[in-house]
Amino acid sequence: MSLKQLQDGDISYCLHHATSDANARMELLDFLNADVSLSDIWKVFSDSDARFAELALHLRGARVLRQDPLECLIQFLCSSNNNIKRITKMVDYISSLGNYLGTVEGFQFHAFPPLEQLSLISEEDLRKAGFGYRAKYITGTVTSLQSKPGGGAEWLESLRQLDLQEVIDALCTLPGVGLKVAACIALFSLDQPDAIPVDTHVWQIATRYLLPELAGSQLTPKLCIRVAEAFVSRYGKYAGWAQTLLFIAELPSQKALLHSHFWNIREHKAAKEKNGEADAR
DNA sequence: CTTTGACCTCGATT
DNA sequence: AAATCGAGGTCAA
C-alpha cells in the first residue's frame, strides 16, 4: 500500500495488489483501525486526564495502526536494546528480500516477505547484515512459527480472537519475545487495545503522572505489570492507545511541534488584540 | 521467585 | 584519537 499526503491535506492511496477500488478502500480502513471511534475514546481519555485537552492540538487524529502480525513481530524482534536508526536499517534489509513492487520517487518498494521467504534467510546472513544476537531470534521464531498448526501466519492471526493475557503468553513462547515486545505486537497488530508496552520511556511517563510514589525505583518485571494495570485503570479498554499518544507527545519532534503551536496561538491572539478584535475565549 | 550479566552493533560522548 | 556508554530487551544462571 502506498499513501501520499496531497497539498490540500487529503490522502491518496494505492493498494498494489488490490482487486478493486472497493477492496483497496476496505484494506486501508482496516489498516487504519477505522472502526475505532476517536471521538469516543478521546472523551474517555479527556474525562480522566486533563492533559489530553492539550494533546488534542496536534494528536487528536492520531491512530494506532492495525499492522500485519508477522511483519510487526519481526520488526519488534529487531527492536530489543536497539535504536530506531539501526532498526530501520535491519527491517529494510529483510524487506529487500520480499517481492519487488515498484519504485516511487526513487525509493524501491518490496512486499514484506512471507514466512516461506523468511525461512530462506540463515542466521549467518543476518549476522553479516549486522543483526547481532537478534539474528538467532529471527531464525528461531520463524522456525517455531512454521511448526505451528496451520503454518504460522494463520496461528499469529488467530491470536486476534484471544484475550490479552493469552496473547502475551502465546507470543512469549517465541524466542526473542519478552513482555515488552509481546505487548507491542499485541497492541499494534493483534487487536489488544489495552496492551501496555512498558519500556524505560513509558516508565518515566508513568512515574511522573500515574505512580509518583514509585519514582526513582528500578524497573522490574513486577513493576511493569503495576504500570500496565495503572494505565488500564486510568484510561480503560483503550489504555494502550492512550499510552501511545502520551508516548508520542514526549518525543522531541512532537514537543517542538506542541511548543511552536503554543506560540502560534499566542501570536495569533496578540495580532487579533492589536486589531481590536474581541478574544473568543 | 528476584537479581545480574552477557549479548551484537553503532554513534555520540568524553 | 581510543575508550566507554547506552539505545523503546531477552535469556539463563
Side-chain angles (χ1 to χ4, degrees), chain A residues 55 59 62-65 67 69 71-96 121-145 165 167-190 192-211 214-231 239-256:
Chain A
L55 292 188
L59 299 179
R63 288 180 168 278
V64 169
L65 298 177
Q67 297 176 249
E71 184 173 349
C72 192
L73 165 59
I74 302 295
Q75 285 180 181
F76 279 105
L77 279 178
C78 297
S79 77
S80 82
N81 202 246
N82 207 351
N83 54 66
I84 303 275
K85 190 175 172 191
R86 187 151 77 105
I87 297 168
T88 306
K89 199 180 117 194
M90 291 159 71
V91 172
D92 282 347
Y93 172 80
I94 291 183
S95 301
S96 72
I121 313 175
S122 69
E123 181 181 337
E124 194 191 340
D125 291 338
L126 293 170
R127 281 190 177 269
K128 274 191 291 193
F131 279 64
Y133 60 84
R134 301 165 198 83
K136 62 180 180 299
Y137 291 166
I138 310 259
T139 54
T141 285
V142 167
T143 304
S144 172
L145 282 176
Q165 194 54 53
V167 174
I168 304 254
D169 291 343
L171 290 173
C172 284
T173 64
L174 300 168
V177 180
L179 224 45
K180 149 69 164 68
V181 168
C184 287
I185 302 165
L187 175 60
F188 298 129
S189 76
L190 294 175
Q192 309 294 324
D194 51 341
I196 312 290
V198 181
D199 57 31
T200 52
H201 288 230
V202 173
W203 175 242
Q204 297 302 321
I205 297 174
T207 53
R208 196 144 20 109
Y209 300 114
L210 288 178
L211 303 164
L214 294 179
S217 43
Q218 253 228 348
L219 184 51
T220 63
K222 219 172 193 175
L223 284 179
C224 284
I225 294 170
R226 283 273 297 279
V227 171
E229 287 170 352
F231 268 100
W241 288 53
Q243 176 273 135
T244 304
L245 294 166
L246 293 174
F247 184 90
I248 293 172
E250 294 291 321
L251 296 175
S253 57
Q254 287 300 319
K255 283 209 154 168

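Letters A, B, ... are given to chains in the order of the sequence lines, protein chains preceding strands, and every chain is numbered from 1.
Within the 4.5 Å cutoff, the side chain of A/V64 has heavy atoms near those of the A/F188 side chain. Between A/F231 and A/L246, the closest side-chain pair of non-hydrogen atoms falls below 4.5 Å.
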Can A/L126 and A/E124 be said to form a side-chain contact (heavy atoms from CB on, under 4.5 Å), step by step? CA-CA 5 Å; A/L126 293 170; A/E124 194 191 340; over 6 Å; no
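The NZ atom of A/K128 sits 12.5 Å away from the CD atom of A/E123 when rounded to the nearest 0.5 Å. Within the model, atoms CG of A/N81 and CG of A/D199 stand 12.0 Å from one another, a figure rounded to the nearest 0.5 Å. With values rounded to the nearest 0.5 angstrom, A/N82 atom CG is found 12.0 Å from A/F76 atom CZ. Considering CG of A/L77 and CD1 of A/I138, their distance stands at 5.0 Å, rounded to 0.5 Å.
Other residues, nucleotides and ligands place no more than 12 heavy atoms under 6.0 Å from the CZ atom of A/R226.
Residue contacts for A/L126: at a heavy-atom cut-off of 4.0 Å it reaches no nucleic acid atom on any strand shown. When heavy atoms are screened at a 4.0 angstrom cut-off, A/V198 is found touching no nucleic acid atom at all. Residue contacts shown for A/I87 are absent, as no nucleic acid heavy atom lies under 4.0 Å away. Using a 4.0 Å heavy-atom distance criterion, A/F76 is classed as making no nucleic acid contact. Nucleic acid contact class of A/P175 (heavy atoms, under 4.0 Å, all strands): sugar-phosphate only. Counting non-hydrogen atoms under 4.0 angstrom, A/V177 reaches the backbone sugars and phosphates but no base.
In this structure, CD1 of A/I84 is placed 15 Å from P of B/dG11, rounded to the nearest angstrom. Here the P atom of nucleotide C/dT10 and the NZ atom of A/K180 are 7 Å apart, to the nearest Å. Rounded to whole angstrom, the span from the CG atom of A/L219 across to the P atom of B/dT4 amounts to 14 Å.
Comparing A/F188 and A/G176 by the nucleotide of DNA chain C whose heavy atom lies nearest to each, the residue mapping closer to the 5' end is A/F188.
Of the P atoms belonging to B/dA6 and C/dG8, the separation is 22 Å, rounded to the nearest Å. Nucleotides B/dG11 and C/dT10, compared at atom C1', are 23 Å apart to the nearest Å.
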Encoded 5' to 3' (Watson-Crick or G-U under 3.5 Å; [ ] crossing; | other strand), DNA chain C becomes .||||||.|||||
Restricting both atoms to N or O, compile the protein contacts to nucleotides 6-10 of chain B shorter than 3.5 Å, with distance only.
unit_1: B/dC8; atom_1: OP1; unit_2: A/R127; atom_2: NH2; d: 3.1
unit_1: B/dC8; atom_1: O5'; unit_2: A/R127; atom_2: NH1; d: 3.3
unit_1: B/dC8; atom_1: O4'; unit_2: A/Y133; atom_2: N; d: 3.1
unit_1: B/dC8; atom_1: O2; unit_2: A/R86; atom_2: NH2; d: 2.9
unit_1: B/dC8; atom_1: O2; unit_2: A/R134; atom_2: NH1; d: 2.8
unit_1: B/dC8; atom_1: N3; unit_2: A/R134; atom_2: NH2; d: 3.4
unit_1: B/dC8; atom_1: N4; unit_2: A/N81; atom_2: OD1; d: 3.0
unit_1: B/dT9; atom_1: O4'; unit_2: A/R86; atom_2: NH1; d: 3.2
unit_1: B/dT9; atom_1: O2; unit_2: A/R86; atom_2: NH2; d: 3.2

